[in-house]
Amino acid sequence: MMYFSVENGRLTVREAGEIIQIEAWGTDALRVRATKNYALSGRDQGILPVDSKGEAVVEEKKATYTNGRLSVCVEGQMHLTFYRDGEKILREYANPYAPAIRIAARDYKPVGGSDYAIKARFESNAGEKLYGMGQYQQPELELKGNVMELAPKNAQISIPFYISNLGYGFLWNNPAIGEVSFGKNMTEWTANRSEEIDYWITVGDTPKDLLKNYTEVTGRAPEFPENLMGLWQCKLRYRTQDEVLEVAREYHRRGLPLDCIVIDYYHWCHDGDWCFDPEFWPDPTAMVKELKSMGTRCMVSVWPTVEDRSVNYKEIHNKGLLTYAMRGEPGGIFGKAFYDATNSEARKLIWTKVKENYYDHGVDMYWLDCSEPEYLPADFDHYRYSVGPAEKTAGLYPLSHVRAFYEGQMAVGQPDIANLSRCAWVGAQRYAAVLWSGDIKSTFETLRAQVCAGLNIGMAGIPWWTTDTAGFIGNVEDPTYNELLVRWFQFSTFSPVLRLHGYLGPYGKFPRLSNKRHSGGFANTAQPHELWSHGEEVYEILKKYLFIRVDLKDYIKKLMEEASENGSPLLRTMFYEFPNDAKCWDLQDQYMFGDRYLVAPVMYEGMREREVYLPEGSWKDIHTDEIVAGGQTILAAAPLEIIPVYEKL
């Protein structure tokens, strides 16, 4: 028999050793937590406290709890059913055909202490479409039928929030390693190690309403710096101060605006030094000063790895500020240990080193590479953080890592913060994180996956996102490479951040600058990747789109302001702007850049025309100024120098 109680605005239900707690949490939203422990943990995880008030109605055998347009009914054997304006939208799983099978809606398998391997199951709604969940490398935008790993990895950013075409959004508020299966028969969430089930749900009329409600409780991106809305130049890797300055000077000589230039990894001697190798970077202050005189900001790569030869290792190790292996030696990338970003003292320590060795020289942007962190192999049960086993808390590491830098920069009064991170979790947008899609291949297939990835991460609350334009792992002698670069750069022009980067072969053509293993001149470099590096025809096209990007600056600023105000992404699914157009819910090869521009990227080798669906209204081809009526699918010309883009009138 269920026992109900209402205290401090929360509804608590108890039966057979299980506790369920339901409370209002934001606009038209509820948070649900459940455990078989004696009490809930009290942790907020990815969401922020908000001032909300719900209403509970308790009867003999059931209870209803309501916050605005969302209500939940608890009945039967503690089964929960959610309603939007009285209409059912989601229900916990209960097999109506053969209850003797005993598939529980909430399943707890003890794994030691107060932790469980947890499953939460929900009935699948026929015809439902799901979007969001962060960034996954797959060619599907709509997620129904997918099985998705919940784990932070290179090129994979798990942010377990989705929106449904039925008018609700759902957050699995659990940072544990796990999995979600959006099956035809049920949806099943799994956490390999956790104390409790914890999820949040909201309702609204449109996807924009759902993103607004979601970012109300997870935070919104701050104001994006105006001086970073143009081109970011990067490659693996500029090896010296002179190389960086020569590239920036060449941009300046050619009259090409360059907002940011990036200094990649191994400009240091040892992992964890968090400073320039003075042999190859003798005067970073003068370097940054000259870059700023040309209108270019400087970003440096800062890895979380700490080598035992590092000048900082002894201090970090002795203070207990490293992540530690549960058995044997750590197996992180290159066999290095990681600082523990979940530890507040460790976050303060890394910022202290970064401030002294970079910020005080004028470097005020940080590339947080390897921020998952990258374990090889990805045995999360092998590692432990200050907040608990990595298998239980993995999502909190990348979130805490971006937080370390954001809070450090805020503390010194920096007003224009934007840091690049390879990974994140729920709420990273509030820490000025620009995410990118990791170490991906240079292929047209990969480009198609990036469009889906960018759209879905936007639906998961992340408005600042970018890619390695033309992919990370490529070869400039591949006969398809130049075409791929042009098509990808066109896509990047109409993306939140326009950024060049790549580890381009053929390799081995550049001799090392030093034979000393621990030297900023020892690590290798790859082929050039500046606008002019790939031939005159490519250069002229890329230059054209760079200036299109510059002309869009005022518009991009407006979109960034909207992201800060209501959580809207810049890269928007078609249904985000046209939720009442059923066809828009099925389109994944075109998108809206904000509310004005419909973008149809060219994502196949040799393609010189493509179909484009124009919703109702009037549209202007930005290349020809031709006015085209909406409500139809057209065949758009797409010669190499053209990406079909239509402005909504």
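Index from 1, following the sequence.
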Please output the side-chain donor-acceptor pairs of residues 542-552 that fall under 3.5 Å, not counting sequence neighbours, one pair per line with the distance.
{"unit_1": "Lys544", "atom_1": "NZ", "unit_2": "Glu641", "atom_2": "O", "d": "3.3"}
{"unit_1": "Tyr545", "atom_1": "OH", "unit_2": "Glu641", "atom_2": "O", "d": "2.8"}
{"unit_1": "Tyr545", "atom_1": "OH", "unit_2": "Ile643", "atom_2": "N", "d": "3.2"}
{"unit_1": "Arg549", "atom_1": "NE", "unit_2": "Met229", "atom_2": "O", "d": "2.8"}
{"unit_1": "Arg549", "atom_1": "NH1", "unit_2": "Thr493", "atom_2": "O", "d": "2.8"}
{"unit_1": "Arg549", "atom_1": "NH1", "unit_2": "Ser495", "atom_2": "O", "d": "2.5"}
{"unit_1": "Arg549", "atom_1": "NH2", "unit_2": "Met229", "atom_2": "O", "d": "3.3"}
{"unit_1": "Arg549", "atom_1": "NH2", "unit_2": "Ser495", "atom_2": "O", "d": "3.3"}
{"unit_1": "Arg549", "atom_1": "NH2", "unit_2": "Pro496", "atom_2": "O", "d": "2.8"}

Is it possible for you to check whether Arg121 lies under 6.0 Å from the centre of the six-membered ring of Trp189, through NZ or CZ, and within 45° of that ring's axis?
no
| field | side-chain hydrogen bond (donor to acceptor under 3.5 Å, both in side chains) assessment of Glu605 paired with Thr480 | value | CA-CA 7 Å; Glu605 180 188 352; Thr480 68; 5.2 Å; no
| query | Can you tell me if Ser421 uses its side chain to pair, donor with acceptor, with the backbone of Val402 under 3.5 Å? | reply | no
Are Asp44 and Arg31 packed together at the side-chain level, in the sense that at least one heavy-atom pair is separated by less than 4.5 angstrom? yes
| task | Please assess Leu571 against Val599 for the test side-chain contact (heavy atoms from CB on, under 4.5 Å), listing each intermediate value before the final yes or no. | result | CA-CA 10 Å; Leu571 211 62; Val599 182; over 6 Å; no
Using modelled atom types only, decide if a donor and an acceptor are shared between the side chain of Glu216 and the backbone of Thr27 within a distance under 3.5 Å.
-> yes
**Message:** Can you tell me if Asp51 has over 12 outside heavy atoms packed within less than 6.0 Å of its CG?
**Reply:** no
Side-chain donor/acceptor of Gln490 to backbone N/O of Leu485, under 3.5 Å:
no
Point to revise | Polar side-chain atom of Asn165 near backbone of Glu128 as donor-acceptor pair, under 3.5 Å | key: no
Around atom CD of Glu140, are there more than 12 heavy atoms of other residues, nucleotides or ligands at under 6.0 Å? yes
Counting N and O atoms only, with roles assigned by atom type, does the side chain of Trp436 sit under 3.5 Å from a partner on the main chain of Asp468, one being a donor and the other an acceptor? no
CA sep, side-chain torsions, deciding dist, call: Asn185, Glu123, side-chain contact (heavy atoms from CB on, under 4.5 Å)
CA-CA 7 Å; Asn185 59 333; Glu123 293 180 356; over 6 Å; no
request  = For the residue pair Phe405 and His401, categorise the inter-ring angle as parallel (less than 30°), tilted (30 to 60°) or perpendicular (more than 60°).
outcome  = perpendicular
Rounded to the nearest 0.5 angstrom, the CD-NZ distance for Glu226 and Lys553 is 5.5 Å
Residues 457-467 vs side-chain hydrogen bond (donor to acceptor under 3.5 Å, both in side chains), sequence neighbours excluded, gives Gln135-Trp465, Thr467-Trp488
To the nearest 0.5 Å, atom OH of Tyr93 lies from atom OG of Ser124 at 10.5 Å
Any donor-acceptor pair under 3.5 Å linking the side chain of Ser164 with the backbone of Leu130?
no
The complete set of ring pair (Phe, Tyr, Trp, His ring centres under 6.0 Å) pairs with one or both residues in residues 144-164, sequence neighbours excluded, reads Phe161-Tyr214, Tyr162-Tyr168, Tyr162-Phe170, Tyr162-Phe182
**Prompt:** What's the verdict on salt bridge (Lys or Arg N to Asp or Glu O under 4.0 Å) for Lys153 and Glu149, showing C-alpha distance, side-chain angles and the deciding distance?
**Reply:** CA-CA 10 Å; Lys153 291 183 176 180; Glu149 180 188 37; 3.1 Å; yes
**Prompt:** Between Asp621 (side chain) and His623 (backbone), is there a donor-acceptor pair under 3.5 Å?
**Reply:** yes
Original post:
Hey, is CD on Glu537 packed in by over 12 heavy atoms from elsewhere, all under 6.0 Å?
Top reply: no
**Item:** Test item: Asn67 side-chain N/O and Gly26 main-chain N/O as donor-acceptor pair under 3.5 Å
**Value:** yes
Chi angles and distances behind the side-chain contact (heavy atoms from CB on, under 4.5 Å) call for Val180, Val147 = CA-CA 6 Å; Val180 59; Val147 176; over 6 Å; no
Original post:
Does the pair Glu223 and Lys557 meet the rule for a salt bridge (Lys or Arg N to Asp or Glu O under 4.0 Å), with working shown?
Top reply: CA-CA 9 Å; Glu223 182 179 348; Lys557 179 182 178 182; 6.0 Å; no
Main-chain N/O of Leu141 paired to Asn456 side chain as donor or acceptor, under 3.5 Å:
yes
Heavy-atom closest pair (Tyr136 atom, Ile157 atom, distance to 0.1 Å) is CE1-O, 4.2 Å
Please walk me through it: do Asp85 and Arg69 pass salt bridge (Lys or Arg N to Asp or Glu O under 4.0 Å)?
CA-CA 5 Å; Asp85 298 330; Arg69 301 174 62 187; 2.7 Å; yes
- Tell me, do Leu559 and Arg572 make a side-chain contact under 4.5 Å, heavy atoms counted? yes
CG (Leu614) and CG (Leu598) are apart, to the nearest 0.5 Å, by 6.0 Å
| task | List the steps and the verdict of side-chain hydrogen bond (donor to acceptor under 3.5 Å, both in side chains) for Tyr576 and Thr206. | result | CA-CA 8 Å; Tyr576 193 84; Thr206 66; over 6 Å; no
Given the options Asn174, Thr218, Val217, Val426 meets side-chain contact (heavy atoms from CB on, under 4.5 Å) only with Thr218
**Asked** Hey, would you say the His534 and Tyr539 ring centroids sit under 6.0 Å apart?
**Response** no
Could you tell me how the ring of Phe575 sits relative to the ring of Trp585: parallel (under 30°), tilted (30 to 60°) or perpendicular (over 60°)?
parallel
Only residue of Asp259, Thr469, Leu498 satisfying side-chain contact (heavy atoms from CB on, under 4.5 Å) with Leu231 is Leu498
To the nearest 0.5 Å, atom CD of Glu530 lies from atom SG of Cys234 at 10.0 Å
Subject >> Pro601 and Arg487, any side-chain heavy atoms less than 4.5 Å apart >> reply: no
Please indicate whether Lys441 has more than 12 foreign heavy atoms, meaning atoms of other residues, nucleotides or ligands, lying under 6.0 Å from its NZ. no
| request: Take Asp205 and Arg84, measure what salt bridge (Lys or Arg N to Asp or Glu O under 4.0 Å) needs, and give me the verdict at the end. | output: CA-CA 10 Å; Asp205 289 327; Arg84 172 179 173 261; 3.0 Å; yes
On the six-membered ring of Tyr613, is Lys583 placed so that its NZ or CZ lies under 6.0 angstrom from the centre and within 45° of the ring axis?
yes
Worked verdict on Glu626 versus Lys620 for side-chain contact (heavy atoms from CB on, under 4.5 Å): CA-CA 6 Å; Glu626 178 187 1; Lys620 183 176 76 172; over 6 Å; no
Within the supplied structure, the quantity of interest is the number of heavy atoms (other residues, nucleotides, ligands) at a distance under 6.0 Å from Lys212 NZ; does it exceed 12?
no
Tightest non-hydrogen contact, residues Asp439 and Ile473, listed as O-CD1, 4.4 Å
Interatomic distance, CE@Met574 vs CG@Leu455, rounded to 0.5 Å, equals 10.5 Å
In this structure, CD of Glu483 is separated from CG of Asp478 (nearest 0.5 Å) by 10.5 Å
Report yes or no: is the cationic atom of Arg610 (NZ for Lys, CZ for Arg) under 6.0 Å from the centre of the six-membered ring of Tyr604, at an angle within 45° of the ring normal?
no
